[in-house]
Amino acid sequence: MRDAIGRALRRAIASGALPGPEDAAALDALIHGIEVEVPASSDHGDYASNIAMKSSKLLKRAPAQIAAAIVAELAAEAGERIHGGDGALGPIASASVAGPGFLNVRLRAGLLADLLDAMIAAPNAWGHLAQNTREKPLRVNVEFVSANPTGPLTVGNARGAFVGDLLSRVLEAAGQEVTREYYFNDFGEQVRRLGESVIALRDGAEVAEDGYKGDYVAELATAIPPDVATRASAARASGATSTDDDEVAVIGKWASERIRRGIQASLAALGVEFDVWRSEGSLYTEGFVDRAIEKLRAAGWLEERDGALWFKSTAFGDDKDRVIKKSTGAYTYFGSDIGYVEEKFGRGFDHLVYVWGADHHGTVARVRNAGEALGYAKEHMEMLLVAWVRFVRDGVEMSMSKRAGTFVTLDELLEEIGVDSARWYFASRSASTAIDFDIKAATARNSENPVYYAQYAHARMQSILRKGEAEGMKASESIGDLLNDEATPDAKLARVIVRLPEVVEDAAAHHETQGVTTYATELATAFSAFYRDAKVVDSSAATLSSQRLRLVAAAATSLAASLRLLGISAPAEM
RNA sequence: GCGCCCGUAGCUCAGUGGAUAGAGCGUUAGGUUGCGGACCUAAAGGUCGUGGGUUCGAGUCCCGCCGGGCGCACCA
């Protein structure tokens, strides 16, 4: 559609109907970015474009004049195709000018049927954008959750987990190659503190003020396997004092790995699986941090000051320079970040996405600056900041203190509300908005909860298909003339069914998923209206029934595909 | 004090510079003894926090103010 309008505009200029622009590059940019949308009202056609108004200034003509010229070219093109040419019918039936210069386009009636038939021929591909085989797919790294394994995941981690996974699914559907990645710290202060806490409880002592006090720590203390206990006592007997191999390190490392496996299991229960688990320590042992630092040093972006090593972040617009290596000789977390950027791009990714809690926004600039200093483009390091969630029950915010051990774990939350419900809840809200998660509303298994509305519609579609089968009816081989009259319930439903690829494209382009939930709701609503107005299985109208069975199958395919995109099940029965 | 995010219907939230700002819930009035009622139709409900600006056109972009959240370490 964009192509057709762009071509028509160029032809109108070429033919002299419109004056050429002074700035040809600006015209190219304009045509490249042509906006086409589905109007709110079908009175305005199937598609509408504002290109005439956009190009008005550049072409120095009134929007209505430009739109009229485009319409004339579109009409001429449609005529050529119909009367020979390559034999293929163009998609556009008619075009008109409306309002201040909107270009309204109506599609050829048969197009809907063609689209539907094509989609049913390849149902598994539906919802995945067609691949341009000449273009290499974009390789994207999506790093998310990345909570340090010092305790089980809490409800606070839930949003990041879903947002990262949902984004990954959308990008994959759009043809990108996605690696889901979890970054965690398996050494350092927090893990030592965990080790100390476990040892204290094992020995019947009190956990230090800044230690970990949750029930899970006590469980760890009683679950130390014999070989770990042996190594721990050996370390103590030898009087090892290095933070790499003393008793605290041995116990801490074991505890943290055990917790990490628990986290992995919790996430798997949400349908979230990671391709790569990357430990912070490995960035040092494998030399990535050193190599990145050398690269920065060679480029002149480092500075020794007060005994510490600084990155000149201010040269890239940051408020202050940032320490990479402390005067004690230890690296900061930022040092790890730099090594990690180098490591990720070294694996060949075109684009990095970091899904971070909003409280990390202060570190966005320095990491991107360091990446730029290492020679990578800023626009390929994207930090998706996920806003805070208040968990509310009956209007009261739930207390969430990790220190006091009163937090609610992710497992507990999911047990209560279910994965499908939670996925829908987070998918339907933009990540940057702080939200109140009303547990009661998300739990309701009725019409209050849109996820069940969409699932129910799918179950009803399947039920109709079963009924048709039971009565010996088969879906027809093609949709035939069922959709020719655009005012019928059938055509109205079909128009919604075929929109999924646009929805996927938009979601991938904007890195957001709300559009998918909106689409699933719209499709379910459209089906409900169809269901009310049209009888599908009707033994007195065999042809119509078989065509409608095909339409219902298409609706089910599209609804299931949109739910799959969200990682939500599409049940055949409820 | 500085920086980032947010403010849209009674509630929870969508909204890509475009036409009459939407959805679900809630409220009100109806329908549906039929392929699944976990349904459908309709109504009421909005100074898009506020004041300027840019634009043919602003909920959307820019600036100020008000309100809320989160950050401002040689912590992780």
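In what follows, chains carry the letters A, B, and so on, assigned in the order in which the sequence lines appear, proteins first and then strands, with residues in each chain numbered from 1.
- Distances shown here put every side-chain N or O of Arg460(A) at or beyond 4.0 Å from the OP1 or OP2 atom of A38(B).
- A donor-acceptor pair shorter than 3.5 Å can be found between the side chains of Tyr340(A) and Glu181(A).
- The listed nucleotides are A14(B), G36(B), C74(B); the one nearest the side chain of Trp310(A) is C74(B).
- With hydrogens and angles left out, the side-chain atoms of Asn148(A) and Thr150(A) include no donor and acceptor closer than 3.5 Å.
- Distances shown here put every side-chain N or O of Tyr333(A) at or beyond 4.0 Å from the OP1 or OP2 atom of A76(B).
- Ser476(A) and Gln547(A) share no side-chain donor-acceptor pair at under 3.5 Å.
- With centroids closer than 5.5 Å and planes inclined by less than 30 degrees as the test, Phe102(A) and the base of G18(B) fail to qualify as a stacked pair.
- For Val323(A), the side-chain atoms get nearest to C74(B) when compared with the rest of A76(B), C74(B), C39(B).
- Cation-pi geometry between Arg460(A) and Phe527(A) is not met: the NZ or CZ atom fails to fall both under 6.0 Å from the ring centre and inside 45° of the normal.
- At a cut-off of 3.5 angstrom, counting only N and O atoms as typed in the model, there is a donor on one side and an acceptor on the other between the side-chain of Ser327(A) and the base of C74(B).
- Counting only N and O atoms by type, the side chains of Asp321(A) and Thr314(A) include a donor and acceptor under 3.5 Å apart.
- Side-chain atoms of Asn104(A) come within donor-acceptor range of the base of A19(B), with a qualifying N/O pair under 3.5 Å.
- Taking the ring centre of Phe334(A) as origin, the terminal cationic atom of Lys325(A) falls outside the region bounded by 6.0 Å and 45° from the ring axis.
- Contact annotation: Tyr453(A) side-chain N/O to C40(B) OP1/OP2 distance is under 4.0 Å.
- A close approach under 4.0 Å does not occur between any side-chain nitrogen or oxygen of Thr518(A) and OP1 or OP2 of A14(B).
- Contact between the side-chain N/O atoms of Ser430(A) and the OP1/OP2 oxygens of A14(B) is found at a separation under 4.0 Å.
- Summary of the strand contacts: Arg429(A) and Gly362(A) both lie near RNA chain B, and taking for each the nucleotide with the nearest heavy atom, the more 5' one is attributed to Arg429(A).
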Protein-proximity profile, nucleotides 1-10 of chain B, B/S/- by nucleotide at the 4.0 Å heavy-atom cutoff, equals --BBSS----

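- Comparing A73(B), U16(B), U41(B) by their closest approach to the side chain of Lys320(A) singles out A73(B).
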